[in-house]
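Here is how names work: the chains are called A, B, and so on, in the same order as the sequence lines, proteins then strands, and each is numbered from 1.
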Protein chains: 2
Amino acid sequence: MNNRLRVLRAERGWSQQDLAERLEVSRQSVNAIETGRYDPSLPLAFRIAELFGLAIEDVFVSPSKESAS
Amino acid sequence: MNNRLRVLRAERGWSQQDLAERLEVSRQSVNAIETGRYDPSLPLAFRIAELFGLAIEDVFVSPSKESAS
DNA sequence: ACTCGATGTGAAGGAGGCTTTACATGGAAA
DNA sequence: TTTCCATGTAAAGCCTCCTTCACATCGAGT
């Protein structure tokens, strides 16, 4: 599932480590989500969206709505 | 994580089996989510929200926003 | 050349999501 | 009572999420 995490993080000037600490997960988890190696759990998706003040749908792209470029 | 799945399902007169088929998961998965035994994956949460025409936030209650009754 | 911060990734292990099979209970209907 | 549907739950197995530890690469700065 695509997501805008890397962009949102960069807009704030945060490193993956910074973001990981705010989310209370490991840096590797942030990296894995950004690079698309796996999707976050639903509770973590909530924490991410709330941290950025967005709806989950504005951070993560529904598989059924991805454009084929 | 609390959710409104049972109510939304009942509003439509669907059995757990009906809902499971529409979501393409097992009836046991629907039951487990309704009874709070576990949270769905993020992709499944998207399918659930889209099926009901709602935002994820309108189906699942963020852990940080649950009222203590 | 050296260091240092940031990022990517691998391996191993624990917890959780999801499956199939299977069984139990309860309510409605006849 | 018997039947039938809906629901709850257990067990075993597989895959995913998330962890820690570890190592590699790259760019900036000195």
Side-chain angles (χ1 to χ4, degrees):
Chain A
M1 178 179 304
N2 285 340
N3 68 72
R4 307 206 305 123
L5 201 49
R6 188 182 300 267
V7 174
L8 293 167
R9 178 174 65 80
E11 283 174 356
R12 285 156 183 77
W14 294 342
S15 67
Q16 291 181 347
Q17 181 66 45
D18 292 333
L19 177 55
E21 285 169 7
R22 289 172 205 262
L23 294 172
E24 297 184 308
V25 296
S26 70
R27 177 185 68 83
Q28 286 81 351
S29 288
V30 169
N31 181 272
I33 294 166
E34 283 194 359
T35 58
R37 302 205 295 136
Y38 55 71
D39 298 321
S41 67
L42 185 55
L44 179 51
F46 265 100
R47 298 212 301 279
I48 293 170
E50 288 169 7
L51 177 62
F52 291 110
L54 296 171
I56 288 178
E57 288 82 354
D58 293 327
V59 180
F60 300 94
V61 180
S62 166
S64 71
K65 289 176 182 162
E66 308 207 344
S67 59
S69 128
Chain B
M1 178 180 305
N2 285 340
N3 68 73
R4 307 206 306 121
L5 202 49
R6 188 182 299 269
V7 174
L8 293 167
R9 179 173 64 79
E11 284 174 357
R12 285 155 182 79
W14 295 342
S15 67
Q16 291 182 346
Q17 180 66 45
D18 292 333
L19 177 56
E21 286 169 7
R22 288 172 204 264
L23 294 172
E24 296 183 308
V25 295
S26 69
R27 177 185 67 83
Q28 284 80 354
S29 288
V30 168
N31 181 274
I33 293 166
E34 283 194 0
T35 58
R37 301 206 294 132
Y38 55 72
D39 298 321
S41 66
L42 185 55
L44 179 51
F46 265 101
R47 298 211 300 280
I48 293 170
E50 287 169 9
L51 177 61
F52 290 111
L54 296 171
I56 288 179
E57 287 83 353
D58 293 327
V59 180
F60 299 93
V61 180
S62 166
S64 70
K65 288 177 181 160
E66 307 204 344
S67 58
S69 127

(request) Please identify each residue that fulfils side chain to side chain contact (heavy atoms under 4.5 Å, CB included) with B:E11, with sequence neighbours left out. (result) B:V7, B:L8
(request) Kindly state each residue pair satisfying salt bridge (Lys or Arg N to Asp or Glu O under 4.0 Å) with at least one member in residues 25-45 of chain B, sequence neighbours excluded. (result) B:R6-B:E34, B:R9-B:E34
(message) Checking contacts here: which listed nucleotide (D:dG8, C:dT9, D:dA6) is nearest the side-chain heavy atoms of B:N31?
(response) D:dG8
Can you name the atoms? Protein N/O to nucleotides 15-19 of chain D N/O, anything below 3.5 Å, with the distance.
| from | atom 1 | to | atom 2 | distance (Å) |
| --- | --- | --- | --- | --- |
| D:dC17 | OP1 | A:D39 | N | 3.4 |
| D:dC17 | OP1 | A:D39 | O | 3.2 |
| D:dC17 | O5' | A:D39 | O | 3.4 |
| D:dC18 | OP1 | A:S41 | N | 3.1 |
| D:dC18 | OP1 | A:S41 | OG | 2.6 |
| D:dC18 | OP2 | A:S41 | N | 3.3 |
| D:dT19 | OP1 | A:S26 | N | 3.1 |
| D:dT19 | OP2 | A:S26 | N | 2.9 |
| D:dT19 | OP2 | A:S26 | OG | 2.7 |
| D:dT19 | OP2 | A:S29 | OG | 2.2 |

(request) Could you tell me, to 10°, how much the axis swings from one end of the helix from C:dA1-D:dT30 to C:dA30-D:dT1 to the other, five pairs per end? (result) 30°
(request) Starting at atom CZ of B:R12, determine the distance to atom P of D:dA6, rounded to an integer number of angstrom. (result) 18 Å
(request) Would you kindly give the CZ-to-P distance between B:F46 and C:dG17, to the nearest whole Å? (result) 17 Å
(request) Mind checking side chain to side chain contact (heavy atoms under 4.5 Å, CB included) for B:S29 and listing every partner two or more places apart, or none if nothing turns up? (result) B:V25, B:S26, B:Y38
(request) Taking salt bridge (charged side-chain N to carboxylate O under 4.0 Å, His left out) as the test, write out the residues that go with A:R22, two or more places apart. (result) none
(request) Return the value, rounded to whole Å, for the distance between atom CG of B:L5 and atom P of C:dG17. (result) 14 Å
(message) To the closest 0.5 Å, what do you measure between CD (B:Q16) and CG (B:L5)?
(response) 8.5 Å
(request) To the nearest Å, give me how far apart CD (B:Q16) and C1' (D:dC5) are. (result) 12 Å
(request) Please identify each residue that fulfils side-chain hydrogen bond (donor to acceptor under 3.5 Å, both in side chains) with B:N3, with sequence neighbours left out. (result) none
(request) To the nearest Å, give me how far apart CD (B:E34) and P (C:dG17) are. (result) 16 Å
(request) Sorted by first residue and then second, give each ring-ring contact (aromatic ring centres under 6.0 Å, His included) pair with at least one member in residues 13-35 of chain B; sequence neighbours left out. (result) B:W14-B:F52
(request) Kindly write out the residues that satisfy side-chain hydrogen bond (donor to acceptor under 3.5 Å, both in side chains) with B:E57, not counting sequence neighbours, or none if the list is empty. (result) none
